[in-house]
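Remarks on the structure that follows.
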Amino acid sequence: MATAAAAPVNADETFRAEVRAVIAEYFPAEMKGRSMMLASVEGPLDETPAMKTWREAMGSRGWGTPTWPKEYGGGGLTRAQARILEQELANAGAYNPIGGMGVMMFGPTLLEYGSEAQKQEHIPSICRGEIRWCQGYSEPNAGSDLAALQTFAEDKGDHYLVNGQKTWTSGGQWADKCFALVRTDRSQKQGGISFLLIDMDAPGVEVRPIRMISGMSPFCETFFTNVAVPKANLVGEEGQGWTIGKRLLQHERTNLSGGGALASLNANSLSTIAGKYRGVDAEGRLDDPDLRARVAKFEIDWAAFLLTARRAAAESKGGGVSTISSILKKAGTKLGQERAELAIEIMGRQGLGWEGEGFSDTELAGVRGWLFGKATTIYGGSTEIQNNIVAKNILGMLDHQ
Ligand SMILES: Cc1cc2nc3c(=O)[nH]c(=O)nc-3n(C[C@H](O)[C@H](O)[C@H](O)COP(=O)(O)OP(=O)(O)OC[C@H]3O[C@@H](n4cnc5c(N)ncnc54)[C@H](O)[C@@H]3O)c2cc1C
């Protein structure tokens with residue numbers, strides 16, 4: 001005799017059923033298995049109607065930013081529910097359509113340091129994936145030594161007048177707004193820096209995309225010439241920008257640690273890829289013992305890294321990030337590079353395809369992920385700078401500096 005499907009047993013299972021129903025109704029099947037990593041900086045917002053419907057379905061529920069407070073448009077989910085959402089998206093081959101710098105770094109920082117009015121103004125549009133943010137930190141003479149930045153915001157009473165130049169502004173040509181570190185006082189280095197929100201279409205903002213050898217222009221030079229910025233756009237106090245800017249970098253580094261080359265190869269585990277491209281023995285093991293050992297070592301290191309990242313998030317205060325983000329960034333980006341190298345080796349010639357019909361998405365992500373992975377140990381603060389931060393702030397070394 002047929003029995004009715006078992007009813008969900010508790011609130012979490014009820015939530016799981018709800019997530020499955022939303023995915024079944026709104027997730028576009030043609031997008032299955034695609035990674036939307038760094039969606040906001042890869043190119044112009046180029047959504048099909050089905051992708052827009054999916055973004056709106058996720059955004060209206062706050063599920064793109066699952067644990068952010070409901071009052072600002074976030075999902076207000078518990079960690080357990082957020083995990084369920086993550087699991088169900090992965091099981092369905094679906095992606096979170098709401099990302100970019102607003103989600104990864106600016107939003108959590110504004111939730112911690114912004115005024116109530118700033119949170120009401122900016123957080124809901126990030127949760128719905130409607131507004132894209134870019135990062136105005138680096139300058140031609142201020143990269144690793146970020147506090148050397150010179151872009152100046154002059155106090156004009158009710159507004160600041162901003163003049164200067166930023167560089168490597170990822171996605172600057174497609175962004176609506178920029179969170180920028182500017183100098184409001186030339187007499188102090190770190191203490192003279194403030195955190196300012198600038199509209200990218202304000203008069204005096206000019207963006208020049210930097211064209212790379214590949215023909216892509218993922219980042220820009222950004223020039224500010226007499227740009228009037230309302231005082232209401234100052235986050236925190238004048239001169240507090242270094243503290244706020246560093247907190248944002250912790251969010252950035254924590255996010256980047258699991259990104260880059262790893263995310264571009266999305267949910268496929270290395271052993272799954274290896275099983276597909278290389279021979280296996282009668283027991284389903286890779287028959288090349290050397291490759292098998294290296295893949296196994298990677299999978300163990302990666303599992304340990306993910307568990308450490310999860311533990312660090314659970315233990316930390318301040319929106320889930322801390323100085324540990326420097327360790328995670330260093331370790332995660334290095335693992336990402338290792339994985340990309342292994343993936344290309346495993347896929348052989350198929351892993352070297354750049355474009356065209358003869359290559360699957362996973363294969364195309366191979367060489368592109370490998371190349372992009374080179375940037376991961378530079379952006380968000382280079383590996384050498386992470387070593388310095390770990391030595392100074394975690395190990396208590398270099399106190400003489
Ligand atoms: C793909 C990509 C995207 C980026 N996107 C953005 C963005 O959106 N917004 C933004 O503001 N910036 C962005 N950046 C800039 C990035 O933050 C800087 O490139 C990075 O901080 C390094 O600065 P730099 O390039 O000036 O190198 P430099 O600071 O000149 O460093 C050169 C080399 O010297 C080493 N070095 C420097 N100082 C020390 C030291 N004290 N101890 C040991 N070694 C040291 C560095 O590790 C590096 O190897 C991006 C960079 C890349 C590659």
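Values in this document were obtained by computation on a predicted structure and should not be read as measured data. Computed from heavy atoms alone, side chains included, the values below leave out hydrogens, waters and symmetry copies. Each ligand, and each atom within it, is numbered from 1 in the order the structure gives.
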Is there a donor-acceptor pair under 3.5 Å between the side chain of R20 and the backbone N or O of E88? no
Give a yes or no answer on whether the side chain of E221 reaches the backbone of V207 with a donor-acceptor pair at less than 3.5 Å. no
Ligand 1: which residues have a non-hydrogen atom closer than 4.0 Å? M101, Q135, Y137, S138, G143, S144, W168, T169, S170, F219, A375, I378, Y379, G380, S382, E384, I385, N388
Using the six-membered ring wherever Trp is involved, compare the ring planes of F195 and F179 and label them parallel, tilted or perpendicular (cut-offs 30° and 60°). parallel
Regarding E154 and K156, does a basic nitrogen lie under 4.0 Å from an acidic carboxylate oxygen? yes
Under 4.0 Å between a Lys/Arg side-chain N and an Asp/Glu carboxylate O for D301 and K334?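 Looking at D301 and K334, the cut-off is not met.
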Listed by chain and number, what are the salt bridge (Lys or Arg N to Asp or Glu O under 4.0 Å) partners of K330, not counting sequence neighbours? none
